[in-house]
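Read the structure below first, then the notes.
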Amino acid sequence: MGTDHSPRRLHVMLFPIMAHGHMIPTVDMAKLFSTRGAKSTILTTPLNAKILQKQIDAFKNLNPGLDIGIHIFDFPCVELGLPQGCENADFFTSDNYVGRQDLTLKFILSTRFFKDQLEKLLETTTPDCLIADMFFPWATEAAEKFNVPRLVFHGTGYFSLCSEYCIRAHQPQNRVTSSSETFVIPDLPGNILMTKEQISDLDEESEVGRFMIEVKESEVKSSGVVVNSFYELEPDYADFYKSFIQKQAWHIGPLSMYSRGFEEKAGRGKKASIDEVECMKWLDSKKPDSVIYISFGSVANFKNEQLFEIAAGLEASGTNFIWVVRKNTGDKGEWLPEGFEERVEGKGMIIRGWAPQVLILDHQATGGFVTHCGWNSLLEGVAAGLPMVTWPVGAEQFYNEKLVTQVLRTGVSVGAQKHVRGTGDFISREKVDKAMREVLVGEEAEERRKQAKKLAEMAKAAVEEGGSSVNDINSFIEEFTVRRP
Ligand code: UDP
């Protein structure tokens, strides 16, 4: 038998926490690695595999020969104390979940159950690296046992990672006299202003606090970080991050920009609750930059009173809109003003459930994006060249808002003051109306739009051959190919 001297393909394993905001960019990463000659394997649970398999099959049909697959881990929800079928954050944050108990922490902690299965898989397949979610701190140790480099994926950008680091190091929130008093984030470039109520100020002794310490410690021991961002978007923060936090960081985004065709863009995440072609036709009938798209991502779920105010604000502003509401029920009465949909017919559209977000953002009729500042949404808005209305709810979204409003200067804040996980700070219809007008009309709106278009050009350049993100993906592949035993 002759010896095969052809180079073995780099094998990258990717392991996202089971939430759409982490699974969507992971699928993009897997596609990216395999497009660049590597083998990619995504690790997930049976129910999530069904969601991912469709996207992977569609990609393979378009790109025969590329090596991308899924490996399924067992996740016995009931045994782990979770409701049957609770394999995705969608389960307990959606309106259909009857228990209404916040399962976030329990869900995250339950994922430790994967550790043994991961170790067995790493031992038998020895991939060249494992890109595991930040919420899986135990993955560093598991990978270490088998000499597999573990990379961390946070799902957010440099700016929020640096902001959080500086706040943790200096605790400026402890020196203000009220939770709404502003402070400058110490050490962070750009004199960024925040308030105590906008950050999630964790008690280090609490269960969440202890878990987050473990997350940070596992990052320090990891082989580096993969960031869904591009250098030109946040150069000062990319430099700061690599100088003071984690030297080994590769920025390879915006990941959504590697989905180029209609099918791929339409297939992101869950099945859309609207016919994508009909939705595009509706947008085709509108003038360029005349429609506002409103979405709060895959986790936030507003109370009925808040939805009612959004509807009233939208109607008062008179703007064209597509509004995504995470409700599948037809009970308009509780959260929509009487006769709302009839009155806005032709002008506005509500998508109940899941929207084909990237298709909508990329359409020329879309002229503004009201966003909760989830990192994927924010980057998708940047890639589409859109000015934004920032409406952070929880997680690291208030940091992301500051990037848009204070650094990039492409957005106006709706005025959310407080970090309130899941349901958000209450915003009146007047504020909604004002923000809609501000983002679409006037001299400042034009400035923001110009700036947003410039950023979109930079994003496009970053993911082309020779661009900053493509250079980083190449150096990532080189690094882990060389490290191979
Ligand atoms: N998304 C979508 N349709 C929806 C809601 C969300 O395609 O109706 C996608 C969106 O494009 C983004 C992801 O889901 O890629 C949400 O991630 P993000 O970081 O913005 O927010 P999260 O859901 O994690 O809060």
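Nothing here was measured: the structure is a model prediction, and the numbers come from that model. Both ligands and their constituent atoms are indexed starting at 1 by order of listing.
- Counting only N and O atoms by type, the side chains of E396 and H154 include no donor and acceptor under 3.5 Å apart.
- Heavy atoms only, all atoms of each residue included: Y158 and W250 are closest at OH-C, 4.2 Å.
- Looking at atom 11 (O) of ligand 1, its nearest protein heavy atom turns out to be E380 OE1, 2.6 Å.
- The G21 neighbourhood of ligand 1 comprises atoms 17 (O), 24 (O), with distances under 4.0 Å to a heavy atom of that residue.
- Using 4.0 Å as the threshold, H22 has no heavy atom nearer than that to any atom of ligand 1.
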Run the salt bridge (charged side-chain N to carboxylate O under 4.0 Å, His left out) test on K216 and E164 for me, step by step, so that the C-alpha distance in whole Å, both residues' side-chain angles and the decisive distance to 0.1 Å come before the verdict. CA-CA 11 Å; K216 296 294 159 209; E164 200 251 297; 3.2 Å; yes
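- For the residue pair E401 and S413, a side-chain donor N or O sits within less than 3.5 Å of a side-chain acceptor on the partner.
- Two residues are said to be in side-chain contact when any heavy atoms from C-beta on lie closer than 4.5 Å; R326 and D90 meet this criterion.
- Here the side chains of D28 and N228 are not in contact, with every heavy-atom distance at 4.5 Å or above.
- Atoms of ligand 1 found under 4.0 Å from any heavy atom of I24, numbered from 1 in the order shown, are 9 (C), 13 (C), 14 (O), 15 (O).
- Taking distance alone, with nitrogen or oxygen atoms compared against 3.5 Å, F296 stays at or beyond that limit from ligand 1.
- Atom 17 (O) of ligand 1 has as its closest protein heavy atom N376 ND2, 3.3 Å.
- Residue V324 has at least one heavy-atom neighbour below 4.0 Å for each of these atoms of ligand 1: 8 (O).
- Closest approach of I68 and F59 over heavy atoms only: CG2-CD2, 4.1 Å.
- Between the side chains of R421 and T104, at least one donor N or O lies within less than 3.5 Å of an accepting N or O.
- Note: an N/O pair closer than 3.5 Å links S377 and ligand 1 by distance alone.
- Taking any N or O of Q357, backbone or side chain, at least one lies under 3.5 Å from an N or O belonging to ligand 1.
- Side chains of R150 and S222: a donor-acceptor N/O pair is absent below 3.5 angstrom, by distance only.
- Each of the following atoms of ligand 1 lies closer than 4.0 Å to a heavy atom of A355: 2 (C), 3 (N), 4 (C), 7 (O), 8 (O).
- A 4.5 Å side-chain heavy-atom check between E232 and H251 finds every atom pair outside the cut-off.
- Atom numbering of ligand 1 starts at 1 in the shown order; those under 4.0 Å from a heavy atom of W375 are 19 (O).
- Under 4.0 angstrom from ligand 1, the non-hydrogen atoms of H372 all belong to its side chain.
- For ligand 1, the atoms sitting less than 4.0 Å from at least one non-hydrogen atom of S298 are 22 (P), 23 (O), numbered in the order shown with element in parentheses.
- The shortest contact between atom 6 (C) of ligand 1 and any protein heavy atom is with W354 CH2, 3.4 Å.
- Remark: ligand 1 and H20 share no N or O pair separated by less than 3.5 Å (distance only, no angle test).
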